[in-house]
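Data first, discussion second: the structure below is written as structure tokens.
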There are 4 protein chains.
Amino acid sequence: MTELADTPVQPGAARTQGRPRSSRAHEAILEAVLDLLAEGVSVETLSMEAIAARAGVGKATIYRRWAGKDDLLLEALVKLKGPPPQPEGDSVRADMIRLLTVVGPKDERAVRVMPCLFPEVHRSSEAYRIWQEAMAEPRREVMRQVLRRGIAAGELRAGIDVEIAVSMLISPMLLHRMVRWNPALDGYEDLAEQVVDVVLRGIAA
Amino acid sequence: MTELADTPVQPGAARTQGRPRSSRAHEAILEAVLDLLAEGVSVETLSMEAIAARAGVGKATIYRRWAGKDDLLLEALVKLKGPPPQPEGDSVRADMIRLLTVVGPKDERAVRVMPCLFPEVHRSSEAYRIWQEAMAEPRREVMRQVLRRGIAAGELRAGIDVEIAVSMLISPMLLHRMVRWNPALDGYEDLAEQVVDVVLRGIAA
Amino acid sequence: MTELADTPVQPGAARTQGRPRSSRAHEAILEAVLDLLAEGVSVETLSMEAIAARAGVGKATIYRRWAGKDDLLLEALVKLKGPPPQPEGDSVRADMIRLLTVVGPKDERAVRVMPCLFPEVHRSSEAYRIWQEAMAEPRREVMRQVLRRGIAAGELRAGIDVEIAVSMLISPMLLHRMVRWNPALDGYEDLAEQVVDVVLRGIAA
Amino acid sequence: MTELADTPVQPGAARTQGRPRSSRAHEAILEAVLDLLAEGVSVETLSMEAIAARAGVGKATIYRRWAGKDDLLLEALVKLKGPPPQPEGDSVRADMIRLLTVVGPKDERAVRVMPCLFPEVHRSSEAYRIWQEAMAEPRREVMRQVLRRGIAAGELRAGIDVEIAVSMLISPMLLHRMVRWNPALDGYEDLAEQVVDVVLRGIAA
DNA sequence: TGGTAATCGAGACGGTACGTCACGTCTTTCG
DNA sequence: CGAAAGACGTGACGTACCGTCTCGATTACCA
């Protein structure tokens, strides 16, 4: 295969000498990971060799950038999820329901990958940090703002604990999407609505 | 190593001829899995060879009993968790809080293993089935009964959806224990109390 | 590929437990080495992976038996050379010429491999030992006997140093066959004759 | 590392444009090769990357000058050996013994490298050519002259084959020095003398 | 009581993937 | 434009496990 072109990655970094790292290779690797996952390869059976072959890249080129499979997977997933959705401000209830139900266009792959990140996130503090910063915290922050707006508007009680409310809203949805924790909920198309209703009533003014 | 004795396992099964399977080997294998996990071996780096060596058992003896690592791990975890706790019936609130905070004596190992089961549970329908039957459903059932008792006693509104309430109660605790999903909640020793309070107010009569 | 059958190798050795090593695999590996060499693969470009693939064997099966490529090559060559030729006893001169010119049926491969053993023999004392015992010494011994018979018959001077004579007879032939050390000798079909004549005259009675 | 100065090599060559090649780099590379060998790195484990690093040179700078490792090694060895010794003319016997026993000051490295050249010399006709021209032929030529002088002086028979005599004299010494072909000769400090005596007697007038 | 049959620990089997290393080439910046 | 630096695709290295398959040696049941 002909070698990848050479747009440098990290142009302002300390490394200035030598041939710069190819951004095309970088992208090709991340794309290969997501492609293979989309084709049904499970995260456990996903091999670095297959990724390298699919990306048309040497294994060393992957290991030059990421410490291991988990590291790579994490970045691929962060790239996949993209920025969190923004509330429209109609009402706390409507905003919340929308936030809990938005599904990105490629979320099919995300649903497959996310459960596989749990072991890694549980084990590595670095993975945990990335995961929190890139995925969890931005989404929590959006919900905090919605709740605070509700408090300011008098919809919600002033003394409520925003963190707990956020966790209570997201957790059931997350577990349901990820591992279908309670099969009895499978029929609920309006699960988000019901969760929001219970929590909002629980913290209403 | 000297061979394990041979108290038969599955004494009433169809296999009647030949040497019966050693129940000592069975136990030794499960113990080896839990020991290795307790010693800090992650589930991903846990190898069948290490298990066999630790248990003083041939690899074939493991594969004769379980289909693979996931299968074995699941059984080890079920054995570890034991039966779900029983409510004492004081009040819905007190029972719930107790159910959400009980920690078995060996739960240190369980916390380590559980996140690693998520990928497997997400992928394999058989693992999902076992996990639901042996771990999730029994615990959900206990909580359902508490809630129904609350309805019968007039503490809770009659029309509430028990399944949703159960999921809303457990999910934040589960995610917190397993992956510390919201780091802001780390300081809450009374997290269970607060979650229960919000939900109960949300579904109060 | 179906697994190789299971005639044990080293039947009297210390290892008695476990599945015995397959002698078929052993043979297949050595054959693969010689086949690849015969097909023109140089010793430097000969890879363990190619050997394993050709032999239909896992790489571990090779490394279980030999420490590395050199070790394996040495055994393959010893197998290739076979036992040294035997003199017929006509006369010292005729016997010597025959010994110096005999070429085994597969010597084409031997000529290719032998020069490649020199670095290894020079570096590893173990390789040196095997090479001496299996290849060099048996051939030297045959020549010693011929010379001693010549002394006993009065053809050769009694005080000659047999070791030096042997080295002087073999060395020019060896260097010529292996690296064509002196290109001016290329045309000599009767090189062995001439070498023998000079040495015999030099040590004649 | 600071760049090497740039005294041009080949000042009169066709390349006139651009920066001339640094003769310092050339020397540094050859020195690096010999240094690494002297430090015990075997020829097989000697890597171009290590040479470049030791010489403070980019790999491309090496490949710009030599086709590969063998090419480079050959030049390093030729540089190491230096010109062949000159006979003093006392007598054929004394000259020969001196020629066969001279050991250059750095021959320690030469002894290590020479056996490693055999595979290369056997395989590559280009390596063979360089080796013959730079190392073997000059030394053979010196010995031819000594022998011819002996013939002219009536010391040696007129009809002898000089090429064969040369090969017979050098070969046992070469094999002994390089691979200790016959361990029984290890104790001979006067091996050269004995070899010369046998050959001279064999070709005496 | 002696044969039959399945299991035992042990470890070799053909494989796959690992993470590293070196190859020889290519692409930067610097002098 | 040559220099160093170092990334590139390639491919072999030697190791670790995978899940399967012999081995000889134990057990139990059943005749």
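Just so we're on the same page: letters track the sequence lines, and every chain starts at 1. What's counted below: heavy atoms across the whole structure, side chains too, no hydrogens, waters or symmetry copies.
D:Ala60 comes within contact range of at least one nucleobase, with a heavy-atom separation under 4.0 Å. At a threshold of 4.0 angstrom between heavy atoms, the contacts of D:Lys59 include nucleobase atoms, whether or not backbone atoms are also involved. Residue D:Ala52 is out of contact with every strand shown, counting any heavy-atom pair closer than 4.0 Å.
In this structure, the CH2 atom of B:Trp66 is 14 Å from the P atom of E:dT7, given to the nearest Å. Between D:Glu27 atom CD and F:dA3 atom P there is a gap of 14 Å when expressed in whole angstrom units. Taking atom CZ of residue D:Arg65 and atom P of nucleotide E:dT25, one finds them 16 Å apart after rounding to whole Å. Across the protein-nucleic acid pair, D:His26 atom NE2 and F:dG2 atom P stand 16 Å apart, rounded to whole Å. Straight-line distance from the CD atom of C:Gln17 to the P atom of E:dC8: 16 Å, rounded to whole Å. For the pair D:Asp71 CG and E:dC23 P, the interatomic distance rounds to 15 Å; values are reported in whole Å. Regarding D:Ile62, its CD1 atom lies at a distance of 10 Å from the P atom of E:dG24, rounded to whole Å. As a whole-Å value, the separation of B:Glu44 CD from E:dA17 P is 16 Å.
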Exercise for review: Verify ring pair (Phe, Tyr, Trp, His ring centres under 6.0 Å) between C:Trp131 and C:His122, making sure each step is shown before the conclusion.
Suggested key: CA-CA 11 Å; C:Trp131 185 61; C:His122 181 261; over 10 Å; no

Point to revise | Worked check of salt bridge (Lys or Arg N to Asp or Glu O under 4.0 Å) between D:Lys69 and C:Glu44 | key: CA-CA 13 Å; D:Lys69 198 197 299 185; C:Glu44 297 203 327; over 6 Å; no

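Between E:dA12 and C:Arg19, no contact under 4.0 Å exists linking OP1 or OP2 to a side-chain N or O. Not one side-chain nitrogen or oxygen of A:Arg24 sits closer than 4.0 Å to the OP1 or OP2 atom of F:dG9. Applying the 4.0 Å criterion to OP1 and OP2 of E:dG14, one finds that C:Thr61 has a side-chain N or O inside that range.
Closest contact between the side chain of D:Ser47 and the listed nucleotides F:dA5, E:dC8, E:dC23 involves E:dC23. Taking every side-chain heavy atom of B:Arg64 into account, E:dC8 is the closest of F:dA3, F:dA7, E:dC8. Residue C:Val57 places its side chain closer to E:dG14 than to any other of E:dG14, E:dG9, F:dC8. Taking the side chain of C:Ser22 as heavy atoms from C-beta on, and the options F:dC18, E:dG24, E:dC13, the nearest nucleotide is E:dC13. Of the candidates E:dG24, F:dT20, E:dT7, the closest approach to any side-chain atom of B:Tyr63 belongs to F:dT20.
Each of B:Gly68 and D:Glu49 was matched to the nucleotide of DNA chain F holding its nearest heavy atom; the match closer to the 5' end belongs to D:Glu49. A residue-by-residue look at D:Gly58 and C:Met48 shows that D:Gly58 has its nearest nucleotide of DNA chain F further toward the 5' end.
A donor and an acceptor atom, one from each side chain of D:Glu31 and D:His26, are nowhere located under 3.5 Å apart.
Taking each heavy atom of C:Ala32 and C:Ile51 in turn, the nearest pair found is CB-O, 3.7 Å.
A salt bridge links C:Glu27 to C:Lys79: at least one charged side-chain nitrogen sits closer than 4.0 Å to a carboxylate oxygen.
For the atom pair CG (B:Leu72) and CE (B:Met48), the distance works out to 5.5 Å, reported to the nearest 0.5 Å.
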